[in-house]
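Heads up, the thing below is written out as structure tokens.
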Amino acid sequence: MRKGPVLLGFFLCFLLYSASFNGVIMNLVRPQNTPSQESPFASKDPAAIAWRRQQMAVDNDIEGVARDPQLDALVASWDAAGMPIDQQLAKLKEYFAGR
């Protein structure tokens, strides 16, 4: 018996299974009660951004990545001033380009 076609069949079944499983997971994660079905992973909604920042902090703590207190204070000041996200992104790029 040839292994090539069998392995290819298993691989295709795995791809179909993982694609359908990922679709189910994304439907669980995506907020269902909002008028927009935009993903929280790409949304510019302030609540989604705050959630991503929180997740980033947790992931960094798990991985042992040190925080930059100067950057944390800078972002907090921008948030307090009500600076739009697009301007914050531009300023972050300037901040890291100057380092």
Side-chain angles (χ1 to χ4, degrees):
M1 181 167 126
R2 288 201 222 171
K3 292 182 182 178
V6 173
L7 291 176
L8 180 62
F10 280 123
F11 179 72
L12 291 175
C13 288
F14 172 76
L15 283 179
L16 289 172
Y17 173 77
S18 64
S20 63
F21 181 75
N22 287 336
V24 168
I25 295 299
M26 287 308 296
N27 283 333
L28 293 174
V29 173
R30 184 179 304 127
Q32 298 296 322
N33 296 328
T34 58
S36 168
Q37 292 298 318
E38 187 174 30
S39 168
F41 298 107
S43 175
K44 288 190 178 182
D45 177 56
I49 292 169
W51 178 79
R52 288 195 305 267
R53 284 183 183 168
Q54 182 184 20
Q55 294 304 307
M56 177 196 65
V58 170
D59 290 344
N60 286 345
D61 289 343
I62 290 170
E63 293 294 327
V65 176
R67 294 184 188 216
D68 182 350
Q70 182 182 9
L71 180 61
D72 288 342
L74 189 60
V75 172
S77 70
W78 293 340
D79 286 339
M83 183 182 293
I85 296 301
D86 294 334
Q87 287 180 359
Q88 287 188 25
L89 291 173
K91 289 201 174 275
L92 277 175
K93 289 177 185 176
E94 290 173 14
Y95 176 82
F96 284 110
R99 290 183 101 182

Distance (rounded to the nearest 0.5 Å) between Met56 CE and Gln54 CD: 10.5 Å
Reported CG-to-CD distance for the pair Leu92 and Gln87, which is rounded to 0.5 angstrom: 12.0 Å
Side-chain atoms of residues 69-83: list all donor-acceptor pairs with protein atoms under 3.5 Å, sequence neighbours left out, distances to 0.1 Å.
unit_1	atom_1	unit_2	atom_2	d
Ser77	OG	Leu74	O	2.6
Asp79	OD1	Arg53	NH1	3.4
Asp79	OD1	Gln88	NE2	3.1
Asp79	OD2	Arg53	NH1	2.4

Minimum side-chain heavy-atom gap Ile49-Arg52 below 4.5 Å: yes
Spatial distance of atom CD (Gln55) from atom CG (Asn60) [nearest 0.5 Å]: 11.0 Å
Nearest-0.5 Å distance that lies between atom CG in Asp68 and atom CZ in Phe96: 6.5 Å
Nearest non-hydrogen partners of Ser43 and Ala48, listed with the distance: CB-CB, 3.8 Å
Nearest non-hydrogen partners of Lys44 and Ile85, listed with the distance: O-CG1, 4.5 Å
